[in-house]
Amino acid sequence: MIIRQGFKYRLDTSEAQSARLRVLCGHARFVWNHALARCNEALATEGQFVPRYETMAKWITAWKRNPDTEWLKEAYTDNLQQKLKDLDTAWQRYFKKVADAGRPQFKKKGRCRDSVRFVNFAKYCALQGSRVKLPAGIGWVRFRQSRAILGEIKNCTVGYEAGHWFISFQTEREVDRPLLQATGAVGIDMGIERFATLSDGSYTAPLNSFKRHQEALRKAQQAMSRKTKFSSNWKRAKARVQHIHHRIANVRRDYLHKASTTISKNHAMVCIEDLKVSNMSASAAGTAEQPGRNVRAKSGLNKAILDQGWFEFRRQLDYKLAWNGGWLIAVPARNTSRTCPICDHVSPDNRKTQAQFLCVQCGYAQNADVVGAINVLRRGEALLSNEGPDLARLACEVNGAVRPSAAGTCWPSNRLNA
Ligand SMILES: [Zn+2]
């Protein structure tokens with residue numbers, strides 16, 4: 001099986017190199033924003049479709065010929081094409097309603113994560129120790145190699161975060177399909193009080209990296225607002241704000257990696273609720289017929305969900321399980337917290353409080369999150385036994401993403417990315 005993995009390091013760029021990277025990012029932003037504007041126009045016009053990449057790619061040539069935008073001739077064309085491919089992908093994800101995909105947005109200078117992608121590494125770039133040679137007028141750059149790069153580098157991305165340039169190498173390597181070391185299945189209930197509760201009763205505490213740093217962030221933002229805009233003090237305060245944002249992202253990523261590694265190492269099959277965060281955000285406000293209850297509480301909940309990166313967690317579980325030879329199964333989430341795992345009685349009354357489950361029919365009492373996790377596991381097992389475990393497993397291994405039944409999704413194996 002092929003493992004694709006990313007390796008990220010900080011770059012030590014010279015002033016000239018930084019300037020050149022900024023220019024390349026500016027070109028990319030220009031192309032993204034202008035292409036997006038034309039897509040939006042098409043979408044607003046009745047009977048028109050949003051153009052696909054093949055069409056958009058021709059616009060680059062036209063812009064280079066146009067006297068107003070002929071400075072694009074100086075641009076790194078491969079990267080411009082990559083940005084249009086990204087835009088095409090973003091639209092497709094938006095139209096297919098992929099869980100966390102919103103409508104593509106304009107990129108504002110300094111407000112987006114600027115990046116340049118260098119494709120076809122073997123042909124256009126080179127690696128020598130902890131130095132990398134990049135095309136488009138950048139040349140050799142040293143990077144802080146904190147760990148070894150595994151596999152063959154296919155392409156790399158240079159991005160600007162919190163005052164520094166970083167390089168991320170995307171690699172591929174072929175490994176033997178791992179023999180499954182872990183056995184047994186587990187269900188996971190995702191929550192706010194406990195980030196992940198397992199059906200065996202264990203759980204991981206929440207991180208709330210955002211909350212923990214919120215106070216520091218608030219102070220830094222306040223300090224920034226008191227400075228004269230674009231003054232050197234303001235710039236320093238702004239760098240501080242960006243630094244805190246960057247730290248929050250790092251702490252959260254470490255936390256998610258630790259949690260997903262532990263779970264994927266110890267279990268062969270992991271069942272998880274098929275939660276759609278975007279749906280939850282939409283449903284909190286409710287509809288005319290069914291006004292949303294606890295809108296405030298729910299919007300707080302939604303914020304916490306996004307803060308804790310459930311989607312990222314699921315993505316990591318997916319590929320880590322596949323690396324270990326296991327698989328991830330998503331099951332429908334309906335009533336998992338209201339169903340008694342002993343007698344199957346479904347009632348909202350079963351859940352006396354947020355934390356406590358007490359079945360009104362048979363008297364079974366348990367922590368509510370553990371009950372949720374047990375029900376998720378039972379559904380995963382039912383899903384597999386309905387389809388036949390061999391069939392489901394085979395389908396997963398061949399296709400990467402299959403739907404064993406209309407109700408659930410099962411997707412481990414070769415849908416690997418990092
Ligand atoms: Zn019961």
Side-chain angles (χ1 to χ4, degrees), residues 182-206 259 262-264 266-277 279-280 283-284 286 289-295 297-298 300-302 304-305 308 310 313-314 317 321 326-389 392-393 403-410:
T183 53
V186 76
I188 304 182
D189 180 86
M190 309 297 289
I192 304 301
E193 292 301 317
R194 297 168 166 190
F195 176 69
T197 305
L198 273 54
S199 51
D200 60 14
S202 62
Y203 65 92
T204 51
T262 311
I263 293 171
S264 56
N266 295 323
H267 301 94
M269 176 174 116
V270 175
C271 308
I272 196 161
E273 278 178 279
D274 199 1
L275 278 181
K276 293 201 166 63
V277 173
N279 287 356
M280 289 192 69
S283 65
E289 295 80 41
Q290 278 187 310
R293 284 193 300 164
N294 306 326
V295 172
K298 278 188 184 168
L301 178 103
N302 289 328
I305 293 167
Q308 291 184 326
W310 286 2
F313 180 67
R314 194 163 88 173
L317 270 182
L321 278 162
W327 65 103
L328 179 74
I329 294 175
V331 304
R334 197 174 154 76
N335 285 335
T336 46
S337 61
R338 300 169 165 188
T339 307
C340 173
I342 304 297
C343 72
D344 284 328
H345 181 64
V346 183
S347 166
D349 300 332
N350 283 345
R351 196 146 180 190
K352 294 286 173 226
T353 63
Q354 190 64 26
Q356 191 57 37
F357 183 94
L358 178 65
C359 177
V360 291
Q361 188 153 301
C362 75
Y364 174 73
Q366 176 63 275
N367 175 290
D369 294 333
V370 177
V371 167
I374 292 171
N375 284 326
V376 167
L377 173 61
R378 290 170 75 220
R379 281 181 196 188
E381 285 169 344
L383 214 58
L384 282 190
S385 61
N386 284 344
E387 302 294 324
R393 188 172 179 177
R403 294 189 178 275
S405 74
T409 320
C410 168

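Every number for a ligand or one of its atoms is a count from 1 in the order of the listing. Atoms considered below: every heavy atom in the structure, side chains included; atoms not considered: hydrogens, waters and symmetry mates.
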Report the angle formed at the Zn ion (ligand 1) by atom SG of C340 and atom SG of C343, rounding to the nearest 10°.
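An angle of 110° at the metal.
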Rounded to 10 degrees, what angle sits at the Zn ion (ligand 1) between C359 SG and C362 SG?
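Value returned, to the nearest 10°, is 110°.
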P341 side chain near R378 side chain, heavy-atom distance below 4.5 Å:
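Yes, their side chains come closer than 4.5 Å.
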F357 side chain reached by C340 side chain, heavy atoms, under 4.5 Å:
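Yes, their side chains come closer than 4.5 Å.
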Among L377, V186, L328, find the residue that satisfies the side chain to side chain contact (heavy atoms under 4.5 Å, CB included) test when tested with I272.
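Exactly one candidate clears the test, L328.
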Using 2.8 Å as the threshold, say whether any N, O or S atom from H345 sits that close to the Zn ion (ligand 1).
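Coordinating: no.
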Look only at the side chain of D369 and the backbone of R194, and say whether a donor-acceptor pair between them is shorter than 3.5 Å.
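Pair absent, no side-chain N/O of D369 close to backbone of R194.
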